[in-house]
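Below is one structure, written out as structure tokens; the observations come after it.
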Amino acid sequence: MSLVTHLGFPRIGLKRELKRALEAHWRGEAPAAALPDTARALRARHWQLARDAGADVVPCNDFSLYDHVLDTAVLFDAIPERYRPVFAESRLDGYFAMARGHKRGGHDLHALEMTKWFDTNYHYLVPELHAGQRFALAGAKPLAEFLEAKALGHHARPVLLGPVSFLLLSKAVDGSDRLALLDALLPAYAELLRQLAEAGADWVQLDEPCLVLDQDGDDHAAYRRAYAALATANGPKILLASYFGALGDNLALATSLPVDGLHIDLARTPQQLGAVLDALPAGRVLSCGVIDGRNVWRSRPARVLPLLRQALARLGDDRLWLAPSCSLLHVPIDLAAETALEPARRATMAFARQKLEELRVYADALAGHAEAEAALQAQQALLDRQAQQPGVCNPAVRARLHELSPQTMLRRSPYATRRVTQAEALALPPLPTTTIGSFPQTDELRQARAAHRGGRLDDAAYEALLQAEVERVVRFQEVIGLDVLVHGEPERNDMVEYFGEQLDGYLFTRLGWVQSYGSRCVKPPVIWGDVARPAPMTVRWSTYAQSLTERPMKGMLTGPVTMLQWSFVRDDLPRETVCRQIALALRDEVHDLEAVGIKVIQIDEPALREGLPLRRADWPGYLAWAVESFRIAAGGVRDATQIHTHMCYSEFNDIIEAVAAMDADVISIETSRSRMELLDAFARFRYPNGIGPGVYDIHSPRVPTQEEMLGLLRKALEVLRPEQLWINPDCGLKTRGWPEVEAALRGMLACARQLRAELAAAAATAAV
């Protein structure tokens with residue numbers, strides 16, 4: 001019978017046990033053993049869950065306390081020198097210093113840069129390398145977790161990020177060639193493989209996700225050199241894992257490498273199966289990723305069974321493995337906990353556990369079990385029936401999409417004209433200051449929200465608490481001197497979920513958590529039908545906040561591409577169609593905000609770069625509809641209405657033309673971790689509109705000094721005109737505490753005052 005396995009499992013726990021253990025550890029509220037004990041219990045639970053669901057082999061070392069790329073850097077001693085003193089005091093403190101920054105005991109360290117893991121909403125820490133970098137096997141995590149799984153009776157396969165992808169995903173801080181470090185890195189990998197084999201591992205999974213990207217001759221040579229060396233390491237058999245796309249023109253390379261098995265993504269790119277089967281050497285295992293590891297819908301047997309039967313006919317039982325398309329890190333753990341979902345809709349969904357159960361049924365069906373074949377027929381019939389249910393297709397939404405015209409996407413005047421009009425309407429000082437949107441969500445707020453949802457706090461009391469929090473935030477911003485205010489978003493649980501709850505076509509889970517980074521978890525809404533806005537969503541709170549102050553109040557919206565990317569999206573319509581539906585709903589909200597006097601409206605698009613296809617040939621099509629969707633949402637407003645957007649953790653070189661085409665009046669971006677490097681793309685492009693480069697890294701608990709922020713702003717003024725520059729943090733402040741927020745913002749505003757004085761003095765001198 002074909003083997004059932006998977007590439008990795010969610011780490012956080014069904015009830016976010018890892019999040020709570022991490023945050024208690026960081027606050028110093030838990031004993032030293034609490035975090036390792038929680039991690040060990042979660043691993044044991046998840047291995048058993050996978051086996052109970054039907055997995056024959058479970059991965060190990062897929063667990064991480066923060067990020068698997070960071071784990072790899074620490075494992076092979078790729079630790080920047082500035083962190084080594086902290087590592088010398090405590091290995092765990094050093095690890096978290098790289099992840100979050102560190103400011104105590106005489107150390108004041110920035111965190112490593114963080115960016116998106118391919119086109120997902122998971123963030124990884126970017127290792128820092130340099131010419132002459134030395135590597136060594138400096139830890140035992142993969143071996144220890146393999147032995148842990150083995151002791152519990154599991155047939156386990158260790159998972160490692162492959163050496164070539166590790167280097168390609170890293171950053172050479174001196175501009176040197178990362179792949180030139182391969183020969184120094186390979187002995188450490190080889191030593192680890194030998195240790196795993198000696199411990200009894202029969203297979204090891206080496207993830208090389210960069211094989212689905214555009215790769216050049218130097219990259220290909222690196223793969224050949226790496227795997228030729230690892231083939232002689234006396235290690236376990238190697239499963240080379242690719243995912244998130246097709247191997248494409250890297251197929252001949254992948255199938256020529258001296259490995260024992262190959263994993264491919266057939267959920268996203270089923271069309272590659274025939275070519276892979278033709279190229280696969282005799283005797284090699286093929287792991288077929290037929291179940292979508294990035295979405296929550298049950299698979300369609302009418303699509304999956306033909307693929308598996310094609311593979312089985314060519315390979316036979318012993319060479320065919322069944323798996324999800326990628327690690328299950330990107331989906332929630334267990335649908336069984338979602339007892340409140342409407343049963344018919346719930347029956348169409350599958351979380352991590354259910355995906356493994358599906359694979360077991362497919363394996364049984366391939367083995368000729370009539371019961372399994374009948375179950376798959378029933379599943380397909382159910383999915384077909386659900387596609388005809390009310391709400392899946394909304395004729396009014398479809399008609400409105402059909403009526404879209406180029407004029408829908410236009411502002412009334414070009415930016416140069418709007419800038420003059422907005423300057424008169426808003427009367428802001430030079431270098432205007434603002435924040436990205438949210439302010440700290442205190443324990444009191446979270447408890448009140450939970451009590452309200454649970455019926456323990458009535459509407460009037462909850463409303464009064466939220467109004468008091470909005471007023472508190474507004475008064476605080478006035479006192480410290482911010483120029484453009486926000487209401488702080490105390491009513492919002494999440495920047496996507498909050499809007500999805502008010503739109504037709506969405507449903508919501510209770511425990512559908514997935515990891516975004518570290519302890520940060522999100523609960524993506526699920527888009528199952530056509531999207532429409534039945535009523536205004538933010539107007540009431542924006543109007544109330546504006547009534548409290550004479551200063552401009554930003555209306556805060558999440559943009560259509562981010563609403564799409566950070567949801568689990570229906571799989572029966574093109575993604576661009578769903579995105580345009582969301583854009584039309586947001587357009588109505590923008591115009592309603594404008595009608596009640598909100599002069600600044602921010603439409604956040606932090607996920608625009610994330611959605612960029614992995615192959616450059618596919619970029620133009622995606623960027624066209626992504627930009628169009630933003631412009632649908634922002635189109636038609638008056639010249640005096642200032643449209644902002646926000647993006648974070650993006651390589652702007654890739655998309656700068658598209659960012660300009662969005663034609664937002666102001667864009668705020670994450671730049672503090674990169675020390676303003678991301679501004680280079682805007683400078684080279686001569687981006688004309690307003691830019692707010694973040695000077696305060698809100699993903700770290702450390703409070704930056706005024707000197708540090710001032711230095712960043714001066715670097716920004718080296719490439720931006722003063723009239724372009726806005727001053728703001730990197731991102732929303734929801735996850736931070738009030739003391740650090742107040743200290744950081746007061747420092748930021750002091751920097752703004754100092755720079756304004758310097759600019760005024762320089763202008764006076766020039767006038768003389």
Side-chain angles (χ1 to χ4, degrees), residues 7-8 69 72 116-120 124 159-170 177-182 185-186 189 204-231 237-290 293-294 307 310-311 314-315 319 321 323-327 612-622 651 654:
L7 274 62
V69 184
T72 308
K116 294 296 179 72
W117 177 248
F118 294 82
D119 58 349
T120 75
Y124 77 93
V159 177
L160 300 170
L161 179 59
V164 180
S165 289
F166 171 71
L167 292 175
L168 292 175
L169 293 168
S170 299
D177 179 10
R178 295 161 295 176
L179 293 179
L181 299 172
L182 182 62
L185 176 62
L186 289 174
Y189 268 88
V204 64
Q205 176 183 318
L206 291 181
D207 286 359
E208 292 284 7
C210 290
L211 280 170
V212 305
L213 305 179
D214 296 313
Q215 305 276 262
D216 61 21
D218 290 342
D219 300 328
H220 282 206
Y223 285 109
R224 292 191 183 96
R225 195 161 76 253
Y227 284 87
L230 297 182
K237 294 179 181 178
I238 294 175
L239 175 69
L240 181 69
S242 67
Y243 39 81
F244 299 153
L247 289 166
D249 53 3
N250 299 319
L251 173 59
L253 166 71
T255 53
S256 72
L257 298 176
V259 297
D260 304 280
L262 177 66
H263 175 85
I264 59 171
D265 186 335
L266 294 176
R268 270 196 161 187
T269 52
Q271 66 276 10
Q272 70 172 319
L273 177 60
V276 172
L277 290 171
D278 290 342
L280 196 71
R284 193 162 299 181
V285 163
L286 183 65
S287 173
C288 290
V290 290
R294 294 179 54 174
L307 293 172
Q310 180 185 357
R314 296 281 294 274
L315 301 171
R319 294 173 57 203
W321 293 3
S325 58
C326 60
S327 170
L612 198 64
L614 300 179
R615 296 289 188 141
R616 285 184 177 268
D618 300 323
W619 287 8
Y622 162 76
E651 295 295 335
D654 296 337

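Between Val285 and Leu262 the shortest side-chain heavy-atom distance does not fall below 4.5 Å. Two residues are said to be in side-chain contact when any heavy atoms from C-beta on lie closer than 4.5 Å; Leu230 and Pro163 meet this criterion. A heavy-atom distance below 4.5 Å is found between the side chains of Cys210 and Tyr223. A 4.5 Å side-chain heavy-atom check between Trp321 and Leu286 finds every atom pair outside the cut-off. Asp219 places none of its side-chain heavy atoms less than 4.5 Å from the side chain of Val164.
With sequence neighbours left out, Phe166 forms a ring pair (Phe, Tyr, Trp, His ring centres under 6.0 Å) with no residue at all. With sequence neighbours excluded, the residues forming a ring pair (Phe, Tyr, Trp, His ring centres under 6.0 Å) with Tyr124 are Trp117, listed by chain and number.
Screening residues 259-268 for salt bridge (charged side-chain N to carboxylate O under 4.0 Å, His left out) gives Asp119-Arg268 as the qualifying pairs, with residues at least two apart or on separate chains. Residue pairs that meet the salt bridge (charged side-chain N to carboxylate O under 4.0 Å, His left out) test with at least one member in residues 160-169, sequence neighbours left out, do not exist here. The stretch residues 269-280 participates, sequence neighbours left out, in these side-chain hydrogen bond (donor to acceptor under 3.5 Å, both in side chains) pairs: Thr269-Gln272, Asp278-Arg314.
Rounding to the nearest 0.5 Å gives a distance of 4.5 Å between OG1 of Thr72 and CG of Leu161. Rounded to the nearest 0.5 Å, atoms CG (Leu7) and OG (Ser327) are 7.0 Å apart. To the nearest 0.5 Å, the span separating CG on Asp177 from CG on Asp218 amounts to 7.0 Å. In this structure, OG on Ser287 lies 8.5 Å from CD1 on Ile264, to the nearest 0.5 angstrom.
At least one donor-acceptor pair closer than 3.5 Å links the side chain of Arg178 to the backbone N or O of Ser170. Looking only at distances, a side-chain donor or acceptor of Ser256 sits under 3.5 Å from a matching main-chain atom of Leu253. Of the possible donor and acceptor atoms, none in the side chain of Gln205 sits under 3.5 Å from a partner among the backbone N and O of Leu160. The backbone N or O of Pro613 sits less than 3.5 Å from a side-chain atom of Trp619, completing a donor-acceptor pair. Of the possible polar contacts, one joining the Ser325 side chain to the Gly293 backbone as a donor-acceptor pair under 3.5 Å is found. Looking only at distances, a side-chain donor or acceptor of Arg284 sits under 3.5 Å from a matching main-chain atom of Val259.
Taking every heavy atom of both residues into account, Ala617 and Pro620 meet most closely at O-CD, 3.7 Å. Closest non-hydrogen pair, Leu273 versus Leu307, comes out as CD2-O, 3.4 Å. Shown here for Leu182 and Ala222, the closest heavy-atom pair between the two residues is CD2-O, 3.3 Å.
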Ile238 vs Leu257, side-chain contact (heavy atoms from CB on, under 4.5 Å): CA-CA, chis, key distance, verdict: CA-CA 10 Å; Ile238 294 175; Leu257 298 176; over 6 Å; no
Steps toward side-chain contact (heavy atoms from CB on, under 4.5 Å) verdict (Leu239, Val204): CA-CA 6 Å; Leu239 175 69; Val204 64; over 6 Å; no
Residues 241-252, side-chain donor-acceptor partners within the protein, below 3.5 Å, at least two apart:
| residue | atom | partner | partner atom | Å |
| --- | --- | --- | --- | --- |
| Ser242 | OG | His263 | O | 2.8 |
| Tyr243 | OH | Asp207 | OD2 | 3.1 |
| Asp249 | OD1 | Arg615 | NH1 | 2.8 |
| Asp249 | OD1 | Arg615 | NH2 | 3.4 |
| Asn250 | OD1 | His220 | NE2 | 2.8 |
| Asn250 | ND2 | Leu211 | O | 2.7 |
| Asn250 | ND2 | Leu213 | O | 2.9 |

